[in-house]
Amino acid sequence: MATTILRWCCPGRRWVFAGIGGGSRHGRGVPTGSTSSGKRGQRSVAQQPLITAQKPRKGEREWAAVVGLEIHAQIASNSKLFSGSQVDFAAPPNSLVSFFDASLPGTLPVLNRRCVEAAVMAGLALDCHINRRSLFDRKHYFYADLPAGYQITQQRLPIAVNGSLAYSVCVGKRRSQMVTRTAGVKQIQLEQDSGKSLHDSLQSQTLIDLNRAGVGLLEVVLEPDMSCGEEAAAAVRELQLILQALGTSQANMAEGQLRVDANISVHNPGEPLGIRTEVKNLNSARFLAKAIDYEIQRQINELENGGKILNETRSFDYKLGCTVPMRDKEGKQDYRFMPEPNLPPLLLYDSESLPTGTDPQQVINIDRLREQLPELPRVTREKLVQQYGMLPEHSFALMNEVGLLEFFQNVIKETRAEPKKVTSWVLNTFLGFLKQENLAVSESPVTPSALAELLDLLDRKAISSSAAKQVFRELWRSKGKTPAQMVAEKKLELMQDTEALEQLCRSTLEAHPQVVTDVKKGNPRAINKLIGLVRRATLSRADPTVIKEVLERQLSS
């Protein structure tokens, strides 16, 4: 019986399947494959670890994966899309519900200007064509948390179309090279959110919270221009940064302010695209990548074993690390789209088409919003690389953590240390401590001023690098003391008495003649042993570089 092994060839590119008679030819550690018939619910090879390869070997079959995304971003607005109800994530259940949100008879929608402006700004930032005239539609489906039985959206003529989103992924053996790729933006549309269902399994009941019902959403539909989970996660992260820079959405995935649906299919290169599945409501970039890669593997396994891919909606079980079926995929006919009768067409203007004598508060001027666009993330990253000479991947790391760029810039303002040293300390030491404690930048016990003072001490050689790390650990544990105070208390300042250091080095050489002989014979490790002995004698208060210089001078004399 043949063993089937999946290979992932070059992240984001081709997927290859090989049928190998009798077992693995890759040695130990490679699990054997399943011979399932492809029925849903059975464990498959897709759940097994990946084996990377550069080229398909003879007899292997190539597969190409296609991924498109639908991203729902909650608009940063004080009120909902069609009602005056307040928007507050932490409010008690059902405390922010207007008559319209609850779909009481006789209530009518009133469009929120702020939400329209947010959609236009997002469209401009993504190089979209802004439609001067767009329409609203009703999308019918029936859930307990959708009181009206339909969602108001923009299916026929959305507010923005035909844009692009540039994003970067890491490539190379060490994942240190950044490559820019582009995904087309099919459209951006305005729509209202549904409520939230809270399932109580203990009492076998479902509770409904309508606080979220009617909250304004931007749906950004990306073309199927991606081919793996890593690319999709990078695209979503870039969009998240853009929306946050614009102020159109806080895009906090942990609070459900950014949710992603992924459409995935596989096919043999040169053949028509395969049947796609949709994985719904992914609220983490990490889970998005895992769900897509798992689903690609699952589909390849199904097809290789003679099964068929169903056009269905699936969800991702993050505990099991796999996708599971939810329901058959609805088509446009299932939603029974119809024009929204209570909302007229949405009309936008530019400076040339703006009617004379029009009240600016009653219309939206696209050109005026274009002038208000802030600096976008890609521009900020380019400036960081040019201004501070940092690597492109470092600029991405600074911007990918909320508040980290601002922290870095504040440290730069207050220290004399070189930008490269600041970058290293912020990205390695500071960020490492944050992740270890699972803290946000805003929750850090170490302030930019404290880190700047510590780097100044290190820069003027008042302390050693090892002492600086010790002081940083103390700063993290205790508040109220400055780095200088900690250095003085623990006597960590570097030894400034040159004569005393020379005497210690001389005494060390005299006490260890065998090590001296090893150094003279060319043993490179022997000098390090001498440096360690001198440092121990100085209680680590001497600079290793200075110790080495003194020792080498005395050995050569």
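None of the values given here were measured: they were computed from a predicted structure.
- Between Leu126 and Leu239 the shortest side-chain heavy-atom distance falls below 4.5 Å.
- Identified under the salt bridge (charged side-chain N to carboxylate O under 4.0 Å, His left out) test for residues 203-220, with sequence neighbours left out: Asp193-Arg212.
- Among the candidates Val116, Leu218, Asn131, the single residue satisfying the side-chain contact (heavy atoms from CB on, under 4.5 Å) test with Ile159 is Val116.
- Side-chain atoms of Ile188 and Cys128, non-hydrogen and from C-beta on, do get closer than 4.5 Å to each other.
- Every side-chain hydrogen bond (donor to acceptor under 3.5 Å, both in side chains) that Thr153 has, sequence neighbours left out, goes to Gln189, Glu191.
- Legend: side chain to side chain donor-acceptor pair (under 3.5 Å) pairs involving residues 429-440, not counting sequence neighbours: none detected.
- For Leu376, the side-chain contact (heavy atoms from CB on, under 4.5 Å) partners are Ala125, Ile242, Leu246, Arg378, not counting sequence neighbours.
- Using modelled atom types, no side-chain atom of Arg314 and backbone atom of Val279 make a donor-acceptor pair closer than 3.5 Å.
- Within the structure, salt bridge (charged side-chain N to carboxylate O under 4.0 Å, His left out) pairs that include any residue of residues 119-134 comprise Arg132-Asp350 (at least two apart or interchain).
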Yes or no on ring pair (Phe, Tyr, Trp, His ring centres under 6.0 Å) for Tyr388 and Phe408, after CA distance, side-chain angles and deciding distance? CA-CA 11 Å; Tyr388 302 118; Phe408 167 81; 5.4 Å; yes
Thr206 vs His199, side chain to side chain donor-acceptor pair (under 3.5 Å): CA-CA, chis, key distance, verdict: CA-CA 4 Å; Thr206 295; His199 304 292; 3.0 Å; yes
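- When only modelled atom types and interatomic distance are considered, Arg259 and Asn283 share no side-chain donor-acceptor pair under 3.5 Å.
- Between Leu258 and Gln240, the closest side-chain pair of non-hydrogen atoms falls below 4.5 Å.
- Judged by distance alone, the side chain of Asp317 and the main-chain N or O of Val324 form no donor-acceptor pair under 3.5 Å.
- No hydrogens or angles considered: nothing links the side chains of Glu382 and Gln386 as a donor-acceptor pair under 3.5 Å.
- Panel note: side chain Asn94, backbone Ile208; a donor-acceptor pair is recorded below 3.5 Å.
- Judged by distance alone, the side chain of Glu223 and the main-chain N or O of Val185 form no donor-acceptor pair under 3.5 Å.
- For residues 138-148, the set of pairs meeting the salt bridge (charged side-chain N to carboxylate O under 4.0 Å, His left out) definition, not counting sequence neighbours, comprises Arg138-Glu340.
- Put simply, the side chain of Ser424 never gets that close to the backbone of Lys420: no donor and acceptor are under 3.5 Å apart.
- Cation-pi contact between Arg156 and Phe337: absent, since separation from the ring centre below 6.0 Å together with deviation from the ring axis within 45° is not met.
- The aromatic rings of Tyr335 and Tyr141 sit perpendicular, their planes meeting at an angle over 60°, well past the 30° parallel limit.
- Side-chain contact check for Ser197 versus Tyr143: every heavy-atom pair is 4.5 Å or farther apart.
- No more than 12 heavy-atom neighbours from other residues, nucleotides or ligands sit within 6.0 angstrom of CD on Gln250.
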Determine, step by step, whether Glu312 and Thr277 satisfy the side chain to side chain donor-acceptor pair (under 3.5 Å) criterion, reporting the C-alpha distance in whole Å, the side-chain angles of both residues, the deciding distance to 0.1 Å, and the verdict. CA-CA 5 Å; Glu312 63 183 354; Thr277 61; over 6 Å; no
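- Side-chain contact check for Arg276 versus Val66: every heavy-atom pair is 4.5 Å or farther apart.
- Residues Asp225 and Thr182 bring no donor and acceptor atom of their side chains to less than 3.5 Å of each other.
- The backbone N or O of Ala440 sits less than 3.5 Å from a side-chain atom of Glu443, completing a donor-acceptor pair.
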Apply side-chain contact (heavy atoms from CB on, under 4.5 Å) to Val260 and Glu70, showing your working. CA-CA 6 Å; Val260 185; Glu70 298 172 12; over 6 Å; no
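- Aromatic ring pairs are classed by plane angle as parallel below 30°, tilted from 30° to 60° and perpendicular above 60°; the pair Phe430 and Phe407 is parallel.
- When atom types are taken as modelled, the side chain of Lys280 and the backbone of Ala262 share no donor-acceptor pair closer than 3.5 angstrom.
- For Asp293 against Gly229, the heavy-atom pair with the smallest separation is OD1-N, 2.9 Å.
- Looking only at distances, a side-chain donor or acceptor of Ser249 sits under 3.5 Å from a matching main-chain atom of Gln74.
- Using modelled atom types, no side-chain atom of Gln187 and backbone atom of Pro158 make a donor-acceptor pair closer than 3.5 Å.
- Few gaps surround CD on Gln372; more than 12 heavy atoms of other groups in view lie less than 6.0 Å from it.
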Chi angles and distances behind the side-chain contact (heavy atoms from CB on, under 4.5 Å) call for Gln299, Glu295: CA-CA 6 Å; Gln299 290 188 21; Glu295 184 61 17; 3.2 Å; yes
Given Val67 and Asn263, is the side-chain contact (heavy atoms from CB on, under 4.5 Å) satisfied, shown in steps? CA-CA 6 Å; Val67 179; Asn263 293 287; over 6 Å; no
Report the C-alpha distance between Leu310 and Ile275 in whole Å, list the side-chain angles of each, state the deciding distance to 0.1 Å, and finish with yes or no for side-chain contact (heavy atoms from CB on, under 4.5 Å). CA-CA 7 Å; Leu310 302 178; Ile275 295 173; over 6 Å; no
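- Classification of Glu238 and Arg381 as a salt-bridged pair holds, one side-chain N sitting under 4.0 Å from a carboxylate O.
- Using modelled atom types, no side-chain atom of Glu401 and backbone atom of Ala397 make a donor-acceptor pair closer than 3.5 Å.
- Ionic pairing of Arg181 and Glu231 is present here: one or more N-O contacts between side-chain nitrogen and carboxylate oxygen are shorter than 4.0 angstrom.
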